[in-house]
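Structure first, commentary second.
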Amino acid sequence: MARRAPVGTMSADASIDEVTARVYEIPTDAPEADGTLPWSSTTMVLAEVTAGGRRGIGYTYADGACAALITGKLAGTLTGHRALDITGRWQAMVRAMRNNGRPGLVSCAISAVDTALWDLKGKLLDLPVCRVLGMAHDAVPIYGSGGFTTYDERQTRAQLERWVDEWKIPRVKIKIGESWGSDERRDLDRIALSRNVIGSDVELYVDANGAYGRKQAIRVAHAMADHDVTWFEEPVSSDDLAGLHEVRDQVSPDVTAGEYGYDLAYFNRMLAAQAVDCLQIDVTRCGGITDWLRAAAVAAANNVDVSGHCAPNLHAHVATAVPNLRHLEYFHDHHRIEHMLFDGALSPEGGELRPDQHRPGLGLELKEADAQRYRKS
């Protein structure tokens, strides 16, 4: 009598059959801008990887050009190889893209595929990704993020009240640095309004998106001191490591940056410059879950906490695996998109995200009918 293969053997040996990509463009629900950029829509590129009769999905919030990278060279490094060997496939993708340049869209494309591979691995093993990684936390703290410079007082107040009063999120962030830092008075008025709306028990964060000069950022930090702002994100350009260090040395709020990190070398330079109190890492840009974990380890070696930048439903699982986690950014646009387009998107109520232990992979499935109206290719 033939011996029966152990349960899970076929899943463990499953080879990747196909890699595909789709592009979606979702309009914002109102005009939006930060200190340095306005926008009216958000593009999401969805990567799909199939093996063993299961499909893994991952995505990046980046230009639709990522789709051609995913279905071209990246797909060529994956098909026919074992689906569970993610580290090897990640390395193969990076090497294949050498002449296309790692930072930017290439890294975004790799990130989408890498998260799809982790989703697929969880589904093949019938486990949530957080359990595959090993959990350090049962839940992940979040902060409400939006407060765009285009918002008037009514819009700002309504959004803050929803975060604090309805969802009970104990920390919130607004955008400042309007028009490249040319309207400091309105920045300070909006900070004062925000503190008045949320009360004294909720943490208040601000994000200038690199709009200020060094001394201007220091002056603004001193001017907002009465409003107990504890997080000052990108007070100057994240490329100005010396400037971040200078601001950090002279202000009370924690200085943070890192969302534009596309590789480990970037994060290492930022930490070596002692530029930040908390390192931001974006799973849709940094190289996916694989390199998010490694970037967090680099931060831990420097005794620095990390915070997940945007894409809350992609960050929820990997963030539970990191001891030096501070929180995740619960960004208005991505909250809206992920709940519109995915079944299984997590609730922000109570100020934390809890990965669903009963859903394998990342716990997300595309709502095909709802997503179709936004599909570009």
Side-chain angles (χ1 to χ4, degrees), residues 28-43 61-62 143-153 155-157 159-160 163 171-195 197-198 203-225 227-248 250-261 270 275-282 285 307 309-311 329-335:
T28 57
D29 56 359
E32 295 178 359
D34 55 32
T36 57
L37 185 72
W39 64 93
S40 59
S41 65
T42 299
T43 301
Y61 292 108
Y143 64 88
S145 171
F148 304 110
T149 59
T150 46
Y151 279 5
D152 59 21
E153 179 175 338
Q155 290 170 298
T156 301
R157 181 180 294 275
Q159 188 177 68
L160 291 169
W163 292 336
R171 53 196 79 83
V172 300
K173 185 178 79 178
I174 66 166
K175 301 289 191 180
I176 61 171
E178 181 173 348
S179 302
W180 287 93
S182 63
D183 197 347
E184 290 180 27
R185 176 44 51 196
R186 184 165 187 262
D187 290 339
L188 293 171
D189 287 346
R190 293 179 61 250
I191 292 170
L193 168 68
S194 299
R195 174 52 74 192
V197 172
I198 65 177
E203 289 186 67
L204 178 58
Y205 299 170
V206 298
D207 181 1
N209 285 99
Y212 296 135
R214 297 182 186 183
K215 290 188 176 181
Q216 182 185 22
I218 294 168
R219 289 196 300 270
V220 170
H222 291 161
M224 65 186 179
H227 302 297
D228 192 24
V229 174
T230 55
W231 173 279
F232 197 174
E233 186 173 330
E234 288 190 329
V236 298
S237 169
S238 56
D239 293 326
D240 183 8
L241 298 183
L244 286 170
H245 179 80
E246 180 179 338
V247 174
R248 182 186 176 213
Q250 298 186 56
V251 304
S252 294
D254 283 355
V255 169
T256 70
E259 66 190 67
Y260 297 110
M270 182 165 279
V276 294
D277 295 290
C278 183
L279 182 70
Q280 293 177 281
I281 319 172
D282 188 327
R285 293 172 178 166
S307 177
H309 174 260
C310 293
E329 179 172 14
Y330 201 79
F331 184 53
H332 171 75
D333 286 356
H334 297 175
H335 151 76

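Here the straight-line distance linking atom OG of Ser179 with atom CZ of Arg186 works out to 9.0 Å at 0.5 Å rounding. Atom CG of Asp183 is separated from atom CG of Leu188 by 9.5 Å, given to the nearest 0.5 angstrom. The structure places OG1 of Thr36 at 5.0 Å from CG of Asn209, a figure rounded to the nearest 0.5 Å. Taken to the nearest 0.5 Å, the CG atom of Asp333 stands 4.0 Å off from the CD atom of Glu32. One finds the CD1 atom of Ile191 at 15.0 Å from the OH atom of Tyr205 (value rounded to the nearest 0.5 Å). Considering CD of Glu329 and NE2 of His334, their distance stands at 8.5 Å, rounded to 0.5 Å.
Considering only heavy atoms from C-beta on, His332 comes within 4.5 Å of Asp29 through its side chain.
For Trp39, the ring pair (Phe, Tyr, Trp, His ring centres under 6.0 Å) criterion is met by Phe148, not counting sequence neighbours. Partners of His335 according to the ring pair (Phe, Tyr, Trp, His ring centres under 6.0 Å) rule, which considers only residues two or more places apart in sequence or in another chain, are Trp167, Tyr330, His339. In this view, Phe232 satisfies the ring pair (Phe, Tyr, Trp, His ring centres under 6.0 Å) rule with no residue, not counting sequence neighbours. Every residue two or more places apart in sequence or in another chain was checked for a ring pair (Phe, Tyr, Trp, His ring centres under 6.0 Å) with Tyr212, and none qualifies.
Here the closest non-hydrogen pair linking Ala275 and Leu244 is O-CB, 3.5 Å. Annotation for Ile174 and Arg190: closest pair CD1-O, 3.8 Å, computed over non-hydrogen atoms. Nearest heavy atom pair, residue His227 against residue Leu204, reads O-CD2, 4.1 Å. Residues Trp163 and Gly147 share a closest heavy-atom pair of CH2-N, 4.1 Å. The two residues Glu203 and Arg195 come nearest to each other via the heavy atoms C-NH2, 4.4 Å.
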What verdict does the side chain to side chain contact (heavy atoms under 4.5 Å, CB included) test give for Tyr151 and Gln159, after you've listed the backbone C-alpha separation in whole Å, the side-chain angles of each residue and the deciding distance to 0.1 Å?
CA-CA 10 Å; Tyr151 279 5; Gln159 188 177 68; 3.5 Å; yes

Passes side chain to side chain contact (heavy atoms under 4.5 Å, CB included), Thr230 versus Arg171? Steps please.
CA-CA 10 Å; Thr230 55; Arg171 53 196 79 83; over 6 Å; no

Would you please test Val220 and Asp187 for side chain to side chain contact (heavy atoms under 4.5 Å, CB included) and show each step?
CA-CA 9 Å; Val220 170; Asp187 290 339; 5.6 Å; no

Side chain to side chain contact (heavy atoms under 4.5 Å, CB included) between Glu153 and Thr156: does it pass, once the steps are laid out?
CA-CA 5 Å; Glu153 179 175 338; Thr156 301; 5.8 Å; no

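Side-chain N or O atoms of Thr149 include one that pairs as donor or acceptor with a backbone N or O of Ala33 at under 3.5 Å. Formation of a donor-acceptor pair under 3.5 Å by the Arg157 side chain with backbone atoms of Val197 is not found in this model. Side-chain atoms of Ser237 do not come within 3.5 Å of backbone N or O of Gly210 as any donor-acceptor pair.
Listed by first then second residue, pairs satisfying salt bridge (Lys or Arg N to Asp or Glu O under 4.0 Å) with a partner in residues 204-214 read Lys173-Asp207, Lys175-Asp207, Arg214-Asp240, Arg214-Glu246, not counting sequence neighbours.
Ionic pairing of Asp282 and Arg285 is present here: one or more N-O contacts between side-chain nitrogen and carboxylate oxygen are shorter than 4.0 angstrom.
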Show every donor-acceptor pair shorter than 3.5 Å between a side-chain atom in residues 250-261 and any protein atom, with sequence neighbours excluded, or say none if there are none.
from	atom 1	to	atom 2	distance (Å)
Asp254	OD2	Arg326	NH1	2.8
Glu259	OE2	His309	NE2	3.3

